[in-house]
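What follows is a set of notes on a single structure, which appears directly below.
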Amino acid sequence: MSFALYILGLAVLLGGIAWALITAGLAVTYVAIACLIVAGIGIMMAVSRTRAKDPPS
């Protein structure tokens, strides 16, 4: 459930970033590149924070 909340928050963040960049007049190519970079970082953070911890051996 926590992972889904991270992804939902990431989607809202990406939407806001894309909207702001397009409103600022940036080319769609640069908006797509920025969103892909932020999405990659967000997914890596979500996975690292929500993955199950390894049991002690």
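All values derive from a computational prediction rather than experimental measurement.
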Name all residues meeting the side chain to side chain contact (heavy atoms under 4.5 Å, CB included) criterion together with Leu8; count only those two or more places apart in sequence or in a different chain, and write none if there are none. none
For Ser2, side chain to side chain contact (heavy atoms under 4.5 Å, CB included) partners two or more places apart: Tyr6, Thr50
What distance do Ile22 atom CD1 and Ile17 atom CD1 have between them, rounded to the nearest 0.5 Å? 12.0 Å
ILVMFWY network linking Leu13 to Leu21, side-chain heavy atoms under 4.5 angstrom: yes
What pairs of donor and acceptor atoms, side-chain ones from residues 26-45 against any protein atom, are under 3.5 angstrom apart with sequence neighbours left out?
none

